[in-house]
Amino acid sequence: MQKVIVIGGGAAGLMAAATAAQNGAEVLLLEKNDRLGKKLLITGKGRCNVTNTAVLQDFVKNIPGNGRFLYSVFSRFFNWDTWSFFEELNVPLKEERGGRVFPMSDKAADIVNAFTDLLRSLAVQIKYNENVSEIKVENGKAIGVVTTKGDFFAADSVILATGGTSYPGTGSNGDGFKIAQKLGHHIVELHPALVPLECEEDWVKNWQGLSLRNVNVKVIVDGREEREMFGEMLFTHFGVSGPIILSLSRQIALDLRAGKTVELSINLKPALTREQLDKRICRDFAKYSRKQIKNALGDLLPSKMIEDVIDLAFIDGDKFVNQISREERERLVDLLQNLTITITRTRPLSEAIVTGGGISTKEINPKTMESRLIRGLYCIGEVVDVDAFTGGYNLQAAFSMGYAAGVDCVKK
């Protein structure tokens, strides 16, 4: 019987351990925390967005960090396989807007508990509070691991699934990168992939907690429009966050690292043309003609935004609506469809949802996830240089990599 050691009890590691055991291996799972799936429990705001129903081509487009590398593992285990996997474990799933898939219960704990029960039924040995310091290699092949306690565990195959460096409180503190680098693997420079952004403007703090749906955000890099995204965003005390901001943040982090100037142009009313928005404002002005402008925009904007929007449009808030000039109204229209903020930096990598960079995909067999440098060593999940947008794409990538490694390691 093949002996397999899985290092890390996150999404990728759990799937790898379960799959290897289902294929007849004797599996030992080493988890540095006192429980499994600690990061899984906080994904999707505690709801766990396990996958997305997008077709393969669209799915890969949503994985800007080496998505094409995953074609092979997706061909072996993809989104409907994930759906069936959890349904068979008595965790019914549901599809929501944008193809996102969640447990019917909206509880990430159901996913972790299902994995825990499955591993127990498969006689997988789990050791908690075990931190691996080194993977032992002989004649170019992995033969086991050494823990920080000095214990050695022998194995025919070792699966490295230690995660990235984001949310270090969940155990993802970058240990896996050090272990892999010590074995000769190249680590592509780490960077935050899904991370909130800090901005220069002070007025943003006044909008803290304000969530806006159906806005369009354009990214302006060194004065040139580079990309845009439509959806939901959130204002915070330091800047901006929310789904579309997180998805745009990966390239923004790289732009900032390259010393480029990054601005966001936010269209608060993208469903309207400039002319339609102007007519809408004119109707509101006619309705509230005898009110001060600061009291006449409640039908158009959340109350938290009004004072700052008026200031940014260089309009006196105490001025009565019937005194507003055409030029002032046009400035307001322009502002609502081109609200610009300057991005100064990303939040720290430790606050990123996903780590960009990691073990180079050039050194991993894309069909099996086995290292091209060390036989019997498999690298999966966030420790690999693969990252995706929000929407279930990252977890599916982890599950698919874990499945491929779990199947292949038993064949060795």
TODO: Any chance you could measure Cys379, atom SG, to His185, atom NE2, to the nearest 0.5 Å?
DONE: 4.5 Å
TODO: Check the side chains of Glu382 and Thr355 for a donor-acceptor pair under 3.5 angstrom, ignoring hydrogens and angles.
DONE: yes
Open item on the list: Between Asn62 (side chain only) and Asp58 (backbone N and O only), is there a donor and an acceptor less than 3.5 Å apart?
Closed with: yes
Task: Heavy-atom side-chain contact between Arg224 and Val221 under 4.5 Å - done: no
- [ ] Verify whether one side chain among Asn79 and Thr53 offers a donor that lies under 3.5 Å from an acceptor in the other.
- [x] no
TODO: Please check if any side-chain donor atom of Ser84 sits under 3.5 Å from a side-chain acceptor atom of Glu88, or the reverse.
DONE: no
Open item on the list: Strictly distance-based, threshold 3.5 Å: is any side-chain N or O of Ser249 a donor or acceptor partner for the main-chain N or O of Ala193?
Closed with: yes
Task: Glu31 side chain to Asn33 backbone, donor-acceptor under 3.5 Å - done: yes
Task: Mutual orientation of the aromatic rings belonging to Phe77 and Phe85 [parallel < 30°, tilted 30-60°, perpendicular > 60°] - done: perpendicular
Open item on the list: Could you walk me through whether Lys136 and Glu134 satisfy the salt bridge (Lys or Arg N to Asp or Glu O under 4.0 Å) test, starting with their C-alpha distance in whole Å, then the side-chain angles of each, then the deciding distance to 0.1 Å, before giving a yes or no?
Closed with: CA-CA 6 Å; Lys136 283 292 187 181; Glu134 181 183 2; 3.6 Å; yes
Task: Donor-acceptor contact below 3.5 Å, side chain Gln125 vs main chain Leu29 - done: no
Task: Pair Asp385-Ser360, side-chain donor/acceptor within less than 3.5 Å - done: no
Task: side-chain contact (heavy atoms from CB on, under 4.5 Å) partner of Leu160, chosen from Leu183, Val384, Ile359 - done: Ile359
TODO: Check the side chains of Asp408 and Tyr378 for a donor-acceptor pair under 3.5 angstrom, ignoring hydrogens and angles.
DONE: yes
- [ ] Determine whether the side chains of Glu201 and Thr342 contain a donor N or O and an acceptor N or O closer than 3.5 Å.
- [x] yes
Open item on the list: Under a 3.5 Å cutoff, is there a donor and acceptor pairing between the side chains of Lys32 and Asn173?
Closed with: yes
Task: Minimum side-chain heavy-atom gap Val309-Leu335 below 4.5 Å - done: yes
Open item on the list: Are Phe69 and Phe74, when compared by the centres of their aromatic rings, separated by less than 6.0 Å?
Closed with: no
Task: Expected output: side-chain Lys287 to main-chain Cys282 donor-acceptor under 3.5 Å - done: no
Task: Check: Gln396/Asn52 side-chain N/O donor and acceptor closer than 3.5 Å - done: no
Task: Polar side chain donor-acceptor pair, Ser371 to Glu363, under 3.5 angstrom - done: no
Open item on the list: Looking only at side-chain N and O atoms, does Trp207 offer a donor or acceptor that is under 3.5 Å from a partner on Asp308?
Closed with: yes
Open item on the list: Please determine whether side chain to side chain contact (heavy atoms under 4.5 Å, CB included) holds for the pair Arg100 and Glu95, giving the CA-CA distance in whole Å, both sets of side-chain angles, and the decisive distance to 0.1 Å.
Closed with: CA-CA 6 Å; Arg100 299 174 300 161; Glu95 180 180 355; over 6 Å; no
- [ ] Please name the residue in the list Tyr71, Phe389, Trp80, Tyr393 that meets the ring-ring contact (aromatic ring centres under 6.0 Å, His included) test with Phe59.
- [x] Tyr393
Task: Pair Ser211-Glu232, side-chain donor/acceptor within less than 3.5 Å - done: yes
